[in-house]
Every structure is written in C-alpha cells, then in structure tokens.
Amino acid sequence: MASHLRYLTRPQMACLQATSIGLRASIPVLPLSRCFSTTSPALDWLTPKFMEKSKSPKGRPHVATGGSSRGTTVVWGDYGLRMKDHDRRLPASSLKIAEETIKRRLRGMNYTLYKRVSANIGVYTKGNEQRMGKGKGKFDYWTARVGVSRVVFELKGDIHEKIAREAFRLAGHKLPGLWEFVNKGDPPVVGITKLGNGVTLESLKRARRNPPLGTNVTSNPPTTTSSSPDASQ
C-alpha cells in the first residue's frame, strides 16, 4: 500500500484526506464499551468451582472437641430446616431435589431461599467384585458433610409459618435422616442438647461427676502410710 501511495501527487493525497475526514464526521462516535462481563459467574452450591487436587477420604463431619453451637441457628432467614438425628453425607442430587421441592411448594410467592451447605466433597467408587488395591476408584458424585443439628436451608419472605413448615416438611422427606423446623431466635444446639432453661455451654463443659468427699476441703489428698514389721508383730 505504501508503494502505491508513493506515486500519488500532493493534490490527490489532499483529496483522500478530505474524504477520510468526511467519513469520520458522518460516522457517530460511540463510547468504548466491553462486550463481555468482568464479574465472575455465580458459583454453584452443588458443584465446586475447581476439581479436587487429591481424592477426598470418606471422613466424618468436623465437630469441635470442646463443643460448638456454630451453624445450628437461623441467621439470615426467618425459618430453617435443621438436621436432628445424626451427622452424615448428603449427596448433591438429594440436596437439589429438596431445593426443587421447596421452590415447587412456594411457587408464585415472594421469598428468598438460603443454602447453608455446599457439596464440595468428592465420592469415588469402584465396581463390584474388584480386587483390593489398584487405587481409590473413579469419581462418582459430589456430596456435603453435614454435622448433627446443622441448619441446611433458610427461608425469608412474605410467607406464613404454616406454609414454610409444610415446604420444609416435604423437603425433609427427600433427604436422608430426621429433620426439624426451627424459627429465628430459637436457642442454639450443642450436639443434640439444646441450650436454654438453665443449660449453658459452661455447664455442659463442667465435669458430671462430683469430686470425692474431702478432696475439695484439703489442699493435699490423704496418703496411705505403710505399716512397719514391728507393728505387725
């Protein structure tokens, strides 16, 4: 292109510049806008964002040794669905069915559903009649480790308590284990013991057996004295 423009005279170059200026004036100048979104997509609570670097062992839900009531109360919503009997692993398929059951029951109503757990633990299985060894197996499905008395779903909106109770009852039938309906403001739970009515976390940590008689009076416990051979004779 530069070789062709070299043979053009100065008047011809001026004509080309005037034409290009006229085209620029006729074309409207639009502000610079991006055709893609810079915000990250919403994460799915039933599937982690990245695959596991190492295969997860079966394990059990973590429970604090000294006792903890974290995750046993309703935080954002007005009503909640809480596990009642025992800790277990909840498959992502069961959690999805429970969510769809709640949405189907509350169709057409103004509400917000909060999920308090995430299925981020991989389950790996092997075929039947396989010899021992040869690795852990292939990926099967995602699951969530849910401890006892843990709130899984929370509901908030212009919904009557009876309707929310019915929706959570239907969802509890789709999940393994026993479930209970809780309201906002209900006392927390440590293990399977509900706090309140004189039961506190300090009282649960206190020793259940009373100390032997006399040990709380004397600073040093009594010691047994060995008898001498002369005294025995």
Side-chain angles (χ1 to χ4, degrees), residues 39-52 56 58-64 67-123 139-197 199 201:
T39 58
S40 59
L43 301 180
D44 187 7
W45 68 293
L46 299 174
T47 305
K49 186 175 181 180
F50 301 103
M51 292 294 293
E52 296 180 323
S56 299
K58 186 174 182 179
R60 284 190 176 185
H62 173 73
V63 178
S68 175
S69 60
R70 183 178 180 182
T72 60
T73 56
V74 180
V75 179
W76 300 301
D78 299 327
Y79 314 104
L81 182 65
R82 183 166 62 188
M83 181 174 284
K84 186 177 180 181
D85 57 345
H86 194 270
D87 56 85
R88 55 174 48 86
R89 297 189 306 178
L90 299 182
S93 57
S94 299
L95 294 172
K96 183 178 181 180
I97 293 174
E99 181 188 10
E100 293 176 352
T101 303
I102 296 174
K103 291 182 178 179
R104 190 180 301 111
R105 178 61 183 85
L106 303 178
R107 182 178 300 171
M109 301 182 183
N110 184 18
Y111 68 94
T112 303
L113 183 64
Y114 299 96
K115 281 81 71 173
R116 295 285 300 272
V117 296
S118 60
N120 55 357
I121 302 298
V123 177
F139 174 79
D140 193 5
Y141 59 92
W142 293 106
T143 184
R145 292 175 182 165
V146 181
V148 63
S149 301
R150 179 71 184 271
V151 175
V152 177
F153 292 106
E154 291 188 13
L155 194 62
K156 182 178 182 181
D158 301 332
I159 299 176
H160 196 271
E161 181 180 351
K162 292 183 178 180
I163 299 177
R165 190 182 294 272
E166 177 68 14
F168 282 150
R169 184 188 68 82
L170 296 175
H173 291 328
K174 307 297 182 181
L175 296 172
L178 300 178
W179 300 83
E180 63 178 349
F181 179 83
V182 292
N183 294 291
K184 189 176 182 63
D186 287 356
V189 183
V190 177
I192 57 175
T193 305
K194 295 183 179 180
L195 302 181
N197 296 329
V199 181
L201 185 59

- Taking the side chain as every heavy atom from C-beta outward, state whether W76 and T112 have any pair of such atoms under 4.5 Å apart. no
- Query: What is the ring orientation for F153 with F168, classed by angle as parallel under 30°, tilted 30 to 60°, or perpendicular over 60°?
  - Reply: parallel
- Message: To the closest 0.5 Å, what do you measure between CD (E180) and CZ (R82)?
- Response: 4.5 Å
- Count the heavy atoms belonging to other residues, nucleotides or ligands that lie under 6.0 Å from NZ of K194, then report whether that count exceeds 12. no
- Side-chain heavy-atom pair P176, L90 within 4.5 angstrom cut-off: yes
- Message: Can you tell me how far apart CZ (R60) and NE2 (H86) are? Round to the nearest 0.5 Å.
- Response: 6.0 Å
- Could you pull out the closest heavy-atom pair between V123 and T143, with the gap in Å? CG2-CG2, 3.4 Å
- Are Y79 and E161 close enough that some pair of their side-chain heavy atoms sits under 4.5 Å apart? yes
- Message: Within the structure provided, determine whether L195 and V190 are in side-chain contact (heavy-atom separation under 4.5 Å).
- Response: yes
- Message: My understanding is that only residues two or more places apart in sequence, or in another chain, count here; which of them pass side-chain hydrogen bond (donor to acceptor under 3.5 Å, both in side chains) with K103?
- Response: E99
- Item | L95 side chain reached by L175 side chain, heavy atoms, under 4.5 Å | yes
- Message: Measuring from atom NZ of K174 to atom CD1 of I102, what distance do you get when rounded to the nearest 0.5 angstrom?
- Response: 12.0 Å
- Message: On a heavy-atom basis, which atom in T101 and which in A171 lie closest, and how many Å separate them?
- Response: CG2-N, 4.1 Å
- Query: Just wondering, are more than 12 heavy atoms of other shown residues or ligands nearer than 6.0 Å to CZ in R169?
  - Reply: yes
- All heavy atoms of N110 vs all of I159, minimum pair found to be O-CG1, 4.1 Å
- Message: Counting only heavy atoms from other residues, nucleotides and ligands, does the tally under 6.0 Å from NZ of K96 exceed 12?
- Response: no
- Shortest non-hydrogen separation from L106 to Y111 and the atoms involved: O-CE2, 3.3 Å
- Query: How long is the gap from OG1 on T73 to CG on D186, to the nearest 0.5 Å?
  - Reply: 9.5 Å
- Separation between CD1 of I97 and NE2 of H173, rounded to the nearest 0.5 Å: 14.5 Å
- So, are E154 and R116 salt-bridged, with charged N and O less than 4.0 Å apart? yes
- Evaluate the side-chain proximity of K156 to K184: yes if any heavy-atom separation is below 4.5 Å, no if none is. no
- Query: Are any non-hydrogen side-chain atoms of V75 and Y114 less than 4.5 angstrom apart?
  - Reply: no
- Output the distance between atom CH2 (W142) and atom OG (S56), rounded to the nearest 0.5 Å. 7.0 Å
- Tightest non-hydrogen contact, residues T72 and S149, listed as CG2-O, 2.8 Å
- Looking only at non-hydrogen atoms, find the nearest pair between P48 and A119 and report the distance. CD-O, 3.4 Å
- Query: Are the side chains of R104 and L170 in touch, meaning some heavy atoms are under 4.5 Å apart?
  - Reply: no
